[in-house]
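In what follows, a single structure is set out as structure tokens and then discussed.
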Amino acid sequence: MSAFIARMIEQNAKISMEQGQQKYRAYFVNTSLYLNWKAEVDTILRTDGFNDVIVEQ
């Protein structure tokens with residue numbers, strides 16, 4: 001599940017950083033449904049060079 005979420009965020013981030021951040025918010029800020037995978041997704045995003053997509057709000 002973590003790899004899927006990270007891939008969806010990365011695909012949006014390739015279009016624009018803002019779109020990637022919006023997708024990240026949709027998974028982790030606006031809902032708590034996917035919080036079990038947040039740490040692993042953050043690690044994947046950092047490893048893949050998408051640090052700027054990770055937002056707290």
Side-chain angles (χ1 to χ4, degrees):
M1 186 68 166
S2 301
F4 172 78
I5 294 171
R7 187 172 62 247
M8 294 297 101
I9 294 169
E10 289 177 3
Q11 284 178 351
N12 280 272
K14 288 177 183 176
I15 297 168
S16 77
M17 188 57 61
E18 182 178 306
Q19 198 166 333
Q21 290 171 342
Q22 287 175 351
K23 183 60 80 172
Y24 186 90
R25 285 184 187 98
Y27 278 112
F28 300 118
V29 177
N30 299 338
T31 183
S32 61
L33 185 63
Y34 301 101
L35 286 179
N36 291 337
W37 295 283
K38 184 180 182 307
E40 193 169 331
V41 170
D42 286 355
T43 300
I44 294 169
L45 292 172
R46 286 187 182 103
T47 301
D48 291 349
F50 289 90
N51 298 341
D52 295 337
V53 173
I54 300 170
V55 293
E56 298 301 319
Q57 297 182 24

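Since the structure is predicted, the reported quantities are computational estimates derived from the model, not experimental observations.
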query: Quick one: do M1 and M8 end up in the same hydrophobic cluster if we chain Ile, Leu, Val, Met, Phe, Trp and Tyr together by side-chain heavy atoms under 4.5 Å apart?
result: yes

- prompt: CZ/R46 to OG1/T43 distance, rounded to the nearest 0.5 angstrom?
  reply: 6.5 Å

- prompt: Within a radius of less than 6.0 Å around CD of Q11, do more than 12 heavy atoms belonging to other residues, nucleotides or ligands occur?
  reply: yes

Just list the side-chain donor-acceptor pairs under 3.5 Å for residues 31-42, sequence neighbours left out, or say none.
residue	atom	partner	partner atom	Å
T31	OG1	L33	N	3.3
K38	NZ	Y24	OH	3.0
K38	NZ	D42	OD2	2.9
D42	OD1	Y24	OH	2.7
D42	OD2	Y24	OH	3.4

message: If I take atom CD from residue Q21 and atom CG from residue N12, how far apart are they, to the nearest 0.5 angstrom?
response: 11.5 Å

- prompt: Transitively linked via ILVMFWY side-chain contacts under 4.5 Å: F28 with F4?
  reply: yes

- prompt: Could you give the distance from CZ (R7) to CD1 (I44), rounded to the nearest 0.5 Å?
  reply: 10.0 Å

message: Using the rule that Ile, Leu, Val, Met, Phe, Trp and Tyr join whenever any side-chain heavy atoms are under 4.5 Å apart, tell me whether V55 and M17 fall into a single cluster.
response: yes

- request: Working to the nearest 0.5 Å, report the span between CZ of R25 and CD of E56.
  value: 10.5 Å

